[in-house]
Amino acid sequence: MKKITVTIGIPAFNEELNIEAFLLSIFKQDTKKIDLKEVLVYSDASNDETDTIVEKTRKNHPLIKL
């Protein structure tokens, strides 16, 4: 079976309370039918800890790009 290559784009603005759990949930999904290429997080001038949390999460999940 050929896998579909997927990139996930996530817009984020001041999502410090949600972003880590959201990102981790992506990597818990069944990916037998897809090849996850990257997870792009677009932080739209967040002025909370969104960017810091994304960078922290990225250390264990290098497919995440901020």
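Note that the structure is a prediction, hence the values are computed from the model and not measured.
In this view, Leu63 and Phe27, Leu36 satisfy the side chain to side chain contact (heavy atoms under 4.5 Å, CB included) rule, not counting sequence neighbours. Residues forming a side chain to side chain contact (heavy atoms under 4.5 Å, CB included) with Lys56 (at least two apart in sequence, or on another chain): Glu20. Among residues two or more places apart in sequence or in another chain, the side chain to side chain donor-acceptor pair (under 3.5 Å) test is passed with Ser46 by Ser43.
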Show me, pair by pair, the donor-acceptor contacts under 3.5 angstrom made by side chains of residues 3-11, not counting sequence neighbours?
none

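Annotation: the span from Ile53 atom CD1 to Asn18 atom CG amounts to 9.5 Å, rounded to 0.5 Å. Taken from OG1 in Thr57 to CD1 in Ile64, the straight-line distance is 5.5 Å, to the nearest 0.5 Å. Annotation: the span from Ile19 atom CD1 to Thr52 atom OG1 amounts to 12.5 Å, rounded to 0.5 Å. Note: Glu15 CD to Asp51 CG = 12.0 Å, rounded to the nearest 0.5 Å.
Among residue pairs with one or both ends in residues 3-26, none qualify as ring pair (Phe, Tyr, Trp, His ring centres under 6.0 Å); sequence neighbours excluded. Residue pairs meeting the ring pair (Phe, Tyr, Trp, His ring centres under 6.0 Å) criterion with at least one member in residues 37-57, sequence neighbours excluded, do not occur. Counting only residues at least two apart or on different chains, no salt bridge (Lys or Arg N to Asp or Glu O under 4.0 Å) pair has a member in residues 27-49.
Panel note: side chain Asn14, backbone Thr50; no donor-acceptor pair is recorded below 3.5 Å.
Through direct or indirect side-chain contacts shorter than 4.5 Å among Ile, Leu, Val, Met, Phe, Trp and Tyr, Leu24 is connected to no other residue.
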